Amino acid sequence: MKITRSLSGVALSAALLGVGFSNAFAEEETLRSLADKNNIYIGAILNSQWFGGGLPGNYEQIHKTQFNIVVAENEMKFDATEPSEGQFNYNNGDKMVKYAQQNGMRVRGHALAWHSQVPGWVNQKYGGNKKELLRVLKNHIEKVVGHWKGQVAEWDVVNEAISNNEPQWRTGSVWYQGIGPEFIDSAFVWAHAVDPDAELCYNDYNLEQGVNPKAKAGFLLEQVKRWVANGIPIHCVGSQTHVEDTTTDKHFIGSPDSLRSLAKELAKLNVKLKITELDIGFKSGINVSKSDLERQGQTFRQYLDIVLEEPNADTYLIWGVSDKWSWLGGLNRQKGLIYDDNLQPKPAFDSILVRLQTYEPPQDSSDKDSTEKDSTDAFKAIAGLTSLSIHLSGRTLSIAGATATKVEIFDMQGRPVFSAKNVKGSVDLKVTEGLYIVRVREGSVSLTKRIAIH
Ligand code: 9MR
């Protein structure tokens with residue numbers, strides 16, 4: 001159920017066969033190129049500031065280089081697309097769809113039926129009026145999904161309809177109060193009728209807190225079973241996955257393992273799991289150390305492993321690019337993303353990158369085709385088309401074809417264990433016996449290899 005084989009993977013294989021392309025591929029590997037190779041989507045929102053042109057140029061450069069899926073932070077929500085009754089505004093959404101098309105990215109639509117960011121007129125004119133609210137919601141979904149039919153590949157049809165604590169429906173929502181829980185069933189049916197090719201998701205937070213009837217995901221799972229049994233066109237569950245670092249939140253009860261259990265339960269129903277809004281924040285006000293950031297990177301990797309390893313998981317979307325532009329402050333959290341305030345990659349970026357570089361699908365996996373392993377090797381060979389090369393003798397790593405190289409060593413779980421800057425010629429690797437990944441880089445050229453230290 002993973003995405004179909006990517007263009008870049010095909011091109012890489014072609015390059016290996018000598019068809020050309022060598023210069024085009026003497027580039028640094030990106031999250032995007034590696035996501036393509038692994039048949040998954042990796043993305044980040046376009047922050048609202050982007051739509052007004054208020055972000056530095058390297059923000060967009062990073063965004064389109066590193067990601068192959070995009071979602072708007074606020075610009076496709078109800079209040080943005082239908083601010084007054086019947087007056088639709090698609091300008092910002094169109095801008096993002098155009099950007100995605102120009103850069104070959106998949107588009108997620110977020111969100112159609114939600115209790116928040118509903119314009120005032122809905123409640124003022126129609127609060128509590130079931131017939132009118134059904135008409136308003138149906139019209140909204142038909143117009144918005146219809147406008148982007150064939151361009152928005154997947155929609156959050158219903159967002160956050162379950163309450164936080166005692167799992168039950170969120171009763172305060174204008175849709176729930178006026179219509180009842182069947183607004184959910186109807187929303188999926190209406191969206192599907194307009195764009196039968198779009199993937200339709202139920203999206204919510206705190207779904208990484210266990211799949212038992214007392215947890216939100218357990219309650220949701222019962223609903224998904226009912227929807228599937230009733231023929232409601234639901235294709236995916238979006239897990240927002242706004243989580244806090246394990247050491248700073250004493251009440252933290254979420255975990256990648258719990259989310260993986262949800263993915264496995266959904267697989268039995270032929271429903272996908274997507275990670276749609278990931279951030280892993282620290283409490284505001286605390287000092288965040290280098291080792292905190294490295295631990296954060298490991299948590300990012302553990303959530304990525306679900307998407308790499310579970311056949312019905314295909315998407316890893318982060319709710320922001322840089323810590324500088326993040327909603328997390330409002331939640332009393334900080335530093336939850338993979339680029340720092342200066343748009344420099346954090347250890348979490350490296351952790352994700354290395355995991356994508358080293359991941360090898362199980363041999364017997366039926367949804368991975370046999371040429372994929374070849375393209376992995378191809379990438380390393382193509383990196384080798386640059387003049388950069390390495391040689392290991394004992395613990396001494398010699399580097400040729402570069403003058404001031406950064407050397408990084410990662411263990412097989414992608415944890416950084418050694419690094420050295422400005423290496424000229426050779427460096428002694430201070431690591432114990434074992435298997436590692438070495439990455440050497442200078443400027444935009446990098447080379448990644450697996451090494452064994454005896
Ligand atoms: O990041 C969004 C922020 O700019 C808005 O002010 C906020 C308003 O509700 O919504 C934020 O995005 C939310 C998303 O739409 C749904 N899941 C939770 C996200 C973070 O609050």
Side-chain angles (χ1 to χ4, degrees), residues 1 108 110-116 130 133-134 137-138 141 154-193 198-243 251-278 303 306-307 309-315 317:
M1 249 200 277
R108 278 203 103 230
H110 171 85
L112 297 170
W114 187 24
H115 66 278
S116 179
K130 180 167 188 170
L133 284 172
L134 282 168
L137 187 57
K138 181 169 191 271
I141 288 175
E154 60 188 65
W155 278 102
D156 284 333
V157 177
V158 177
N159 193 35
E160 302 175 4
I162 302 171
S163 93
N164 289 339
N165 305 318
E166 286 285 302
Q168 56 168 354
W169 295 120
R170 182 189 291 275
T171 53
S173 145
V174 64
W175 310 116
Y176 182 90
Q177 285 186 346
I179 302 172
E182 61 267 34
F183 85 86
I184 300 174
D185 309 46
S186 300
F188 279 103
V189 171
W190 294 326
H192 185 64
E199 275 193 309
L200 305 181
C201 300
Y202 175 89
N203 194 54
D204 214 327
Y205 57 92
N206 288 0
L207 297 183
E208 63 288 332
Q209 299 188 350
V211 192
N212 60 71
K214 291 205 166 146
K216 210 166 172 178
F219 179 85
L220 172 61
L221 198 56
E222 292 311 306
Q223 312 312 318
V224 177
K225 284 180 189 162
R226 187 173 49 78
W227 290 325
V228 168
N230 291 346
I232 300 297
I234 175 170
H235 311 117
C236 35
V237 164
S239 167
Q240 296 183 6
T241 328
H242 297 292
V243 297
H251 306 292
F252 185 86
I253 48 170
S255 74
D257 284 349
S258 292
L259 192 60
R260 189 188 286 273
S261 306
L262 176 60
K264 288 187 188 298
E265 290 301 318
L266 291 171
K268 295 178 196 163
L269 302 168
N270 204 21
V271 170
K272 287 187 187 177
L273 178 90
K274 294 170 187 280
I275 294 181
T276 51
E277 304 186 14
L278 183 62
Y303 281 109
I306 300 171
V307 176
E309 291 166 2
E310 297 303 320
N312 65 325
D314 65 356
T315 299
L317 231 158

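Basis for what follows: all heavy atoms, side chains included, without hydrogens, waters or symmetry-related copies. These figures come from a predicted structure and were not determined experimentally.
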Not counting sequence neighbours, list each pair that qualifies as a salt bridge (charged side-chain N to carboxylate O under 4.0 Å, His left out) and has a residue in residues 169-185.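 Checked against salt bridge (charged side-chain N to carboxylate O under 4.0 Å, His left out) - neighbours excluded - the pairs reaching residues 169-185 are Lys130-Glu182, Asp185-Arg226.
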If a pair satisfies salt bridge (charged side-chain N to carboxylate O under 4.0 Å, His left out) and one of its residues is in residues 230-240, list it, with sequence neighbours excluded.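 Those involving residues 230-240 do not exist here.
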For [X] against [Y], the heavy-atom pair lying closest together:
{"X": "Leu137", "Y": "Ala113", "result": "CD1-CB, 4.0 Å"}
{"X": "Leu112", "Y": "Ala191", "result": "CD1-CB, 4.5 Å"}
{"X": "Ser258", "Y": "Val211", "result": "O-CG2, 3.9 Å"}
{"X": "Ser239", "Y": "Asn203", "result": "N-OD1, 4.1 Å"}
{"X": "Pro167", "Y": "Pro213", "result": "CG-O, 3.7 Å"}
{"X": "Asp204", "Y": "Ala161", "result": "OD2-N, 3.7 Å"}

With side-chain contact (heavy atoms from CB on, under 4.5 Å) as the criterion, how do Ile141 and Trp155 come out once you've worked through the C-alpha distance, each side chain's angles and the decisive distance to 0.1 Å? CA-CA 10 Å; Ile141 288 175; Trp155 278 102; over 6 Å; no
Could you check if a side-chain atom of [X] sits within less than 4.5 angstrom of a side-chain atom of [Y], using non-hydrogen atoms only?
{"X": "Leu259", "Y": "Ile275", "result": "yes"}
{"X": "Ser186", "Y": "Lys138", "result": "no"}
{"X": "Leu221", "Y": "Leu266", "result": "yes"}
{"X": "Pro181", "Y": "Gln223", "result": "no"}
{"X": "Glu310", "Y": "Lys264", "result": "yes"}
{"X": "Pro233", "Y": "Val189", "result": "yes"}
{"X": "Ile234", "Y": "Val158", "result": "no"}
{"X": "Gln240", "Y": "Asn159", "result": "yes"}

For Tyr205, the option from Thr241, Asn164, Thr276 that meets side chain to side chain donor-acceptor pair (under 3.5 Å):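 The side chain to side chain donor-acceptor pair (under 3.5 Å) with Tyr205 is passed solely by Asn164 among Thr241, Asn164, Thr276.
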Got a second to check how far [X]'s [atom1] is from [Y]'s [atom2], nearest 0.5 Å?
{"X": "His242", "Y": "Leu278", "atom1": "NE2", "atom2": "CG", "result": "8.5 Å"}
{"X": "Leu269", "Y": "Lys225", "atom1": "CG", "atom2": "NZ", "result": "6.5 Å"}
{"X": "Ser173", "Y": "Ile162", "atom1": "OG", "atom2": "CD1", "result": "12.5 Å"}
{"X": "Ile306", "Y": "Glu208", "atom1": "CD1", "atom2": "CD", "result": "9.0 Å"}
{"X": "Leu220", "Y": "Leu262", "atom1": "CG", "atom2": "CG", "result": "7.0 Å"}
{"X": "Lys274", "Y": "Glu154", "atom1": "NZ", "atom2": "CD", "result": "4.0 Å"}

Please confirm whether the backbone N or O of [Y] pairs with a side-chain atom of [X], one donor and one acceptor, at under 3.5 Å?
{"X": "His235", "Y": "Lys272", "answer": "no"}
{"X": "Trp175", "Y": "His115", "answer": "no"}
{"X": "Asn230", "Y": "Ile232", "answer": "no"}
{"X": "Asn312", "Y": "Val271", "answer": "yes"}

Take the angle between the ring planes of Trp227 and Tyr202 and call it parallel below 30°, perpendicular above 60°, tilted in between.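 Rings of Trp227 and Tyr202: tilted, 30 to 60°.
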